[in-house]
Amino acid sequence: MREEAVRTGKAAIFLDEVHHLPDWASRLKAEWDRLQREGAPVHVVASGSAALRLTWGSKESLAGRFERLVLGHWSARDLAGAFALPEEEAALEIVRRGAYPGAFPLREDPNRWTAYVRDAIVEPAIARDLVAGTLIRKPALLRQVFALAVASPARIVSLQKIRGALEDAGALETVAAYLELLEEAYLVASLPKWSREPARRRAAPPKLLPLSNAFLAATDPGGIPAAERDPARWGAWVENACLAFAWSQGQRVTYWRAEPHEVDAVLEGSWGRLALEVKTGPFATAELRGVLEFCRLHPDFRPLVVVDERGIDVARQAGVDAIHWRRFLSSGP
């Protein structure tokens, strides 16, 4: 490796699934420091599927020596490019089944597709990356918290209510800690309430956001909802997919509620500062009062409504920008 570096002037080392190596971070740190002392122009890329193990290892042993890059859940554009799909069809797939590339070829066989998501994605992430890799005193409780979160897509649920719904009840602090672990593993995000006051953010209940709709499709006993037959559940799935996409694209995603008003998501980041409302199916301009009130109180945000074909004109009548949810899932706002 050093001879190659000298001959070409530079070299790159790729270490995949590095977290499976015992004490990988300390060993990599020692080798990296040696190469630096010898002046070898080497670039090291260490990758792995266990986000938590990579994060902990790099923070503990590699401080000041690495740049962290996260490859999050695939977008509709990623799915379209990999499988030669129209982007609109890929966006629909994101809502219906998520975007795991290994599961995509199995989509016409629901039993195999569900088994793949359960056995090859969810179970390894929880059993190997979380339970085996951390000090989890109650593995059954962690699984229940995950199941409850997946059954509550894009819903605001208090920690007390979560604990009350669990068979293996734990302290509120334990439930909160397990939600944090699920977020660090890129399974479920707990969206805080938007507020300029940190104390109010911490006191408010979280909005639960499964980070892939594959989790919904693999576990919901009602199956994948149809927009016309089950509009409420379909709307929740579309909202969940849109917010999860924003989260995976690195936006800070929160929600806002001040009775009687509510905003589905408040976005801050490279997309700008947006108050986002997701509306599927017909709706009246009065249903946009929440997003308009938030932007009146906080004029540094602009309102945006994510809609289907029937909502574009309604949003325009209210003076609010609108974008179709398929387009939003393909390219953002």
Side-chain angles (χ1 to χ4, degrees), residues 73 75-76 79 85-100 103-104 106-118 121-122 146-157 161-162 165 187-189 191 206-247 253 255 257 262-265 276-288 290-291 305-315 322-330:
H73 293 275
S75 67
L79 195 65
L85 297 175
E87 287 195 4
E88 287 196 353
E89 182 179 338
L92 178 62
E93 188 68 19
I94 292 287
V95 175
R96 289 170 55 84
R97 299 184 187 88
Y100 283 109
F104 183 80
L106 306 176
R107 66 193 185 282
E108 300 303 328
D109 187 337
N111 291 333
R112 286 188 66 196
W113 184 92
T114 299
Y116 180 93
V117 172
R118 182 186 63 240
I121 297 174
V122 174
F146 173 75
L148 191 146
V150 170
S152 310
R155 280 169 49 189
I156 301 169
V157 185
K161 187 172 182 179
I162 295 174
L187 296 173
V188 176
L191 305 183
K207 186 170 190 175
L208 302 179
L209 186 69
L211 292 174
S212 173
N213 277 26
F215 307 149
L216 312 184
T219 59
D220 195 319
I224 298 171
E228 298 302 327
R229 292 196 302 271
D230 197 350
R233 199 157 58 96
W234 173 254
W237 283 41
V238 172
E239 180 183 343
N240 192 83
C242 290
L243 271 55
F245 172 59
W247 191 96
V253 186
Y255 73 93
R257 183 167 63 178
E262 186 175 324
V263 175
D264 287 338
L276 193 74
E277 192 72 15
V278 181
K279 295 291 186 186
T280 53
F283 65 95
T285 56
E287 295 178 55
L288 301 180
V291 71
V305 187
V306 178
V307 296
D308 59 19
E309 297 83 357
R310 295 166 287 188
I312 299 289
D313 290 339
V314 178
I323 183 173
H324 197 288
W325 60 263
R326 292 180 189 252
R327 183 180 167 196
F328 182 89
L329 287 172
S330 295

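For the atom pair K207 NZ and E262 CD, the distance stands at 6.0 Å (nearest 0.5 Å). Atom CZ of residue R97 and atom CZ of residue F215 lie 16.0 Å apart, to the nearest 0.5 angstrom. We find the NE2-OG1 distance between H324 and T280 to be 10.0 Å, quoted to the nearest 0.5 Å. From N240, atom CG reaches atom CG of L208 across 9.5 Å, with rounding to the nearest 0.5 Å. The OG atom of S152 lies 11.5 Å from the CG atom of L209; values are rounded to the nearest 0.5 Å.
W113 and A218 make their closest contact through CZ3-N, 3.9 Å (heavy atoms, listed as atom of the first residue, atom of the second, distance). Closest approach of V307 and A322 over heavy atoms only: CG2-CB, 4.2 Å. Closest approach of V150 to T219, counting heavy atoms only: CG1-OG1, 3.2 Å. Contact between V306 and F328 at its shortest, heavy atoms only, is CG2-CD1, 4.0 Å. Residues P210 and A149 approach most closely at CG-O, 3.6 Å, considering heavy atoms. Contact detail for K279 and V305: the closest heavy-atom pair is CG-CG1, 4.1 Å.
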- Give the C-alpha distance, both sets of side-chain angles, the deciding distance and a yes or no for side-chain contact (heavy atoms from CB on, under 4.5 Å) between R107 and E93. CA-CA 10 Å; R107 66 193 185 282; E93 188 68 19; 3.9 Å; yes
- Task: Would you please test V95 and V238 for side-chain contact (heavy atoms from CB on, under 4.5 Å) and show each step?
- Result: CA-CA 6 Å; V95 175; V238 172; 3.9 Å; yes
- Item | Full working for side-chain contact (heavy atoms from CB on, under 4.5 Å) between L79 and E89 | CA-CA 10 Å; L79 195 65; E89 182 179 338; over 6 Å; no
- Task: Let me see the working for L329 and C242 under side-chain contact (heavy atoms from CB on, under 4.5 Å), right down to the final yes or no.
- Result: CA-CA 6 Å; L329 287 172; C242 290; 4.2 Å; yes
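Judged by distance alone, the side chain of D308 and the main-chain N or O of G281 form a donor-acceptor pair under 3.5 Å. In this structure, the side chain of N213 engages the main chain of W237 through a donor-acceptor pair within 3.5 Å. A distance-only check finds a donor-acceptor pair linking the side chain of E277 to the backbone of D264 [under 3.5 Å].
Residues W247 and L211 meet the side-chain proximity criterion, which asks for heavy atoms closer than 4.5 Å. Side-chain contact between L243 and L276: present, with at least one pair of heavy atoms (C-beta onward) separated by less than 4.5 Å.
Other residues, nucleotides and ligands contribute over 12 non-hydrogen atoms within 6.0 Å of the CZ atom of R233. For CD of E88, the number of neighbouring non-hydrogen atoms (other residues, nucleotides, ligands) closer than 6.0 Å is 12 at most.
Here Y100 pairs with H73 under the ring pair (Phe, Tyr, Trp, His ring centres under 6.0 Å) rule; sequence neighbours left out. F104 meets the ring pair (Phe, Tyr, Trp, His ring centres under 6.0 Å) test with F83; sequence neighbours excluded.
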